[in-house]
Amino acid sequence: MVESLGVAVVGFGWMGRVHTQAYARVLHHYPQLAVRPELVAVAEDVPARAEEAAAQFGFASPTRDWREVAADPRVQAVSITAPNFLHREIGVAMAEAGKHIWIEKPVGLSVADARAVADAVAKAGVQGAVGFNYRNAPAVAAARELIASGEIGTVTHVRIRLFSDYAAHPDGALTWRYEKERGGSGVLGDLASHGADLARHLLGDIASLTADTAVFIPERARPTGATAGHSLATGGELGPVENEDYVNCLLRFASGARGVLEACRVSVGEQNNYGFEVHGTKGAVFWDFRRMNELGVSRGTTYQDQPVSTVYVGPGAGEFGAFQPGAANAMGYDDLKVIEAYRFLRSIAEGVPHGATLQDAVHSAAVVEAMVRSAQSGSWTDVAAGA
């Protein structure tokens, strides 16, 4: 028998909408789920936005105060998609109120923030999921299996890239994203955290690193009104950009493999250019998020002049079969969040974690903090020292 599970969404920007749509779709793709999400409450402090969400998606109770969600006995699980600086406070409060949480990355602004939420989840005995969505791509799951099987030999090195232009316009508004107190380490927390999770998910723990960071657009105009997304602003008072636009990082894995991780939010001409290249002693595997359902694979015994084949993933690769019947049928970004919702709800139903957890968020945050320390010191930094 399928049981109803009261869910809420805290923060209804774009990501809050994505979570809501994932709840609405999840049973279409996973009818075997033992729980059925019911949209109980939505919290958003932008005037009228919660009411608009309720009218469109059917939430029973819109509010501007997330504390009302924490106190609502109808709510059993909460998506936390508010700005990063609120993640620790809301995450801890929801866990302490006995709510299961699905929280977007980065979980707060530091390792301490991520650990505080992880500890609260563990103490309360609830389930916690984290929005590292790129690991959910079926092609990434296939790449992970291929690497683990030894088909490309012993991994020697990896390159992970996360390039985007969402902050490339010099008239981009000086929102909370560019402040250290509220936006943390900028592109490190926003994009490099995904890269750190992918690196560990594919190749295991990162032992040490050395990093360099830069701010390429040092000033932006303060917005004169409410903003949404990456709004432009002109005519406002200029203020400093306090966190990083760019990071490049050399990695040493516990396995002995080496890596390069590079991320930038001001890359003109790049839109969501995310991906990886993993090289081994017998082959290689390549993935580009913009061609999400494809892998480039080189394997065999020729070594020199060994060709690369394009593989279109299909049923049998990760969760592909829940969405499409055959290889080369496209999946999209929102499908990754449906997979995430499924794993979160399955964790609740079974009482054991599935998918990315709060501990994964702690590990990612430790890598990000090591990047910050390394960029400041100009030296190699032990990741474990910050974990």
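Below, each value reflects all heavy atoms present in this structure, side chains not excepted, and no hydrogens, waters or symmetry copies.
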Taking D205 for the side chain and A207 for the main chain, is one N or O donor matched with an acceptor at less than 3.5 Å?
no
Worked verdict on E68 versus T63 for side chain to side chain donor-acceptor pair (under 3.5 Å)
CA-CA 7 Å; E68 293 184 9; T63 178; 2.8 Å; yes
Which atom of I152 lies closest to which atom of V285, heavy atoms considered
CD1-CG1, 4.4 Å
How long is the gap from CD1 on I160 to CH2 on W287, to the nearest 0.5 Å?
10.5 Å
I need the minimum non-hydrogen distance between A114 and A365, along with the two atoms involved.
CB-CB, 4.3 Å
Quick one: are M331 and Q324 in side-chain contact, heavy atoms under 4.5 Å?
yes
Determine whether H19 and V7 make a side-chain contact, defined as any pair of heavy atoms from C-beta on separated by less than 4.5 Å.
no
Run the salt bridge (Lys or Arg N to Asp or Glu O under 4.0 Å) check on R67 and E89 step by step: do they pass?
CA-CA 10 Å; R67 294 168 184 81; E89 181 183 10; 3.2 Å; yes
Polar side-chain atom of Q76 near backbone of G6 as donor-acceptor pair, under 3.5 Å
yes
Determine, using the 4.5 Å side-chain heavy-atom cutoff (strictly less than), whether V187 and L162 are members of one ILVMFWY cluster.
yes
For a 4.5 angstrom cut-off between non-hydrogen side-chain atoms, does L345 reach L5?
yes
Show your reasoning for whether side-chain contact (heavy atoms from CB on, under 4.5 Å) applies to H194 and K105.
CA-CA 8 Å; H194 276 300; K105 44 58 58 189; 3.3 Å; yes
Can you tell if the side chain of L27 reaches within under 4.5 Å of the side chain of R36, non-hydrogen atoms only?
yes
Same apolar cluster: V107 and V18, side chain cutoff 4.5 Å
no
Contact between K337 and M15 at the side-chain level, heavy atoms closer than 4.5 Å - yes or no?
yes
Applying side-chain contact (heavy atoms from CB on, under 4.5 Å) to F57 and Y23, what does each step give before you reach the verdict?
CA-CA 10 Å; F57 292 102; Y23 286 130; over 6 Å; no
Any carboxylate oxygen within less than 4.0 angstrom of a Lys/Arg side-chain nitrogen, looking at R220 and E237?
no
How are the rings of F12 and F59 set to each other: parallel, tilted or perpendicular (split at 30° and 60°)?
perpendicular
Side-chain donor-acceptor pair present, S298, Q306, cut-off under 3.5 Å
yes
Roughly how far apart are H363 NE2 and S193 OG, rounded to 0.5 Å?
15.0 Å
Side-chain contact, heavy-atom cut-off 4.5 Å: F163 with Y274?
no
Run the side chain to side chain donor-acceptor pair (under 3.5 Å) test on S61 and R74 for me, step by step, so that the C-alpha distance in whole Å, both residues' side-chain angles and the decisive distance to 0.1 Å come before the verdict.
CA-CA 10 Å; S61 301; R74 299 171 300 167; 2.8 Å; yes
Nearest-0.5 Å distance that lies between atom OG in S79 and atom CZ in F344
6.0 Å
Treating E44 as the side-chain partner and V46 as the backbone partner, does any N or O pair qualify as donor plus acceptor under 3.5 Å?
yes
Find out whether F85 and L109 are in side-chain contact, i.e. whether some heavy atom of one side chain is under 4.5 Å from a heavy atom of the other.
yes
Compute the ring centroids of F276 and F286, then answer whether they are less than 6.0 Å apart.
no
Does atom CD of Q32 have more than 12 heavy-atom neighbours, drawn from other residues, nucleotides or ligands, at distances under 6.0 Å?
yes
Mind checking the CD1-CG spacing from I147 to L202? Nearest 0.5 Å is all I need.
4.5 Å
Donor-acceptor pair between R161 and N273 side chains, under 3.5 angstrom:
yes
I'd like to know whether the aromatic ring centres of W14 and Y166 sit less than 6.0 Å apart in this structure.
no
Specify the closest pair of heavy atoms between I206 and A196, including all atoms of both residues, with the distance to one decimal.
CD1-O, 4.4 Å
Taking atom CD of E51 and atom CD of Q56, what is their separation to the nearest 0.5 Å?
13.5 Å
Distance only, no hydrogens: is a donor on one side chain within 3.5 Å (strictly under) of an acceptor on the other, for S379 and S377?
yes
Straight-line distance of N329 CG to N293 CG, nearest 0.5 Å:
9.0 Å
Taking the side chain from T381 and the backbone from R373, do they hold a donor-acceptor pair closer than 3.5 Å?
no
Quick one about N84 and R182 (side-chain donor to acceptor, distance below 3.5 Å, no hydrogens or angles considered), yes or no?
no
Please check if the number of heavy atoms outside K180 that lie under 6.0 Å from its NZ is greater than 12.
yes
Take I101 and V117, measure what side-chain contact (heavy atoms from CB on, under 4.5 Å) needs, and give me the verdict at the end.
CA-CA 10 Å; I101 64 171; V117 180; 3.6 Å; yes
Short question: side chain of H100, backbone of Q127 - any donor-acceptor pair under 3.5 Å?
yes
Testing the 3.5 Å rule here: is there a donor-acceptor pair between the side chains of N136 and E340?
yes
So which heavy atom on A93 is nearest to which on W66, and how close?
CB-CZ3, 3.6 Å
Less than 3.5 Å apart, any donor N or O on the side chain of R222 or T175 sitting next to an acceptor on the other?
no
Should the pair Y30 and Y342 be assigned to parallel (<30°), tilted (30 to 60°) or perpendicular (>60°) ring geometry?
parallel
Flag yes if V362 and I90 sit in one hydrophobic cluster, no otherwise; membership is Ile, Leu, Val, Met, Phe, Trp, Tyr, and two members link when side-chain heavy atoms are under 4.5 Å apart.
no
For residues 255-267, which side-chain N or O atoms pair as donor and acceptor with protein atoms under 3.5 Å away, sequence neighbours left out?
from, atom 1, to, atom 2, distance (Å)
S255, OG, A257, N, 3.3
R258, NH1, G256, O, 2.9
E262, OE2, Y246, OH, 2.6
R265, NE, E244, O, 3.4
R265, NE, D245, OD1, 2.7
R265, NH1, N243, OD1, 3.3
R265, NH2, N243, O, 3.2
R265, NH2, N243, OD1, 2.9
R265, NH2, E244, O, 3.4
R265, NH2, D245, OD1, 2.9

Please test S374 against W380 for side-chain contact (heavy atoms from CB on, under 4.5 Å), starting from the C-alpha separation and ending with a verdict.
CA-CA 6 Å; S374 175; W380 281 88; over 6 Å; no
Consider only side-chain N and O atoms of T81 and E104, and report whether a donor and an acceptor are under 3.5 Å apart.
no
As a quick check of understanding, evaluate salt bridge (Lys or Arg N to Asp or Glu O under 4.0 Å) for R17 and D334, giving each step before the final call.
CA-CA 10 Å; R17 181 178 294 270; D334 284 14; over 6 Å; no
Heavy-atom side-chain contact between S164 and Q271 under 4.5 Å
no
Modelled atom types, side-chain donor and acceptor of Y303 and T281, under 3.5 Å:
no
Residue pair R135, D360: steps toward the salt bridge (Lys or Arg N to Asp or Glu O under 4.0 Å) verdict
CA-CA 12 Å; R135 62 156 65 189; D360 293 315; 3.7 Å; yes
More than 12 foreign heavy atoms under 6.0 Å from CZ of R25: is that the case here?
yes
Are V308 and V311 connected, step by step, through hydrophobic side chains (Ile, Leu, Val, Met, Phe, Trp, Tyr) whose heavy atoms are closer than 4.5 Å?
no
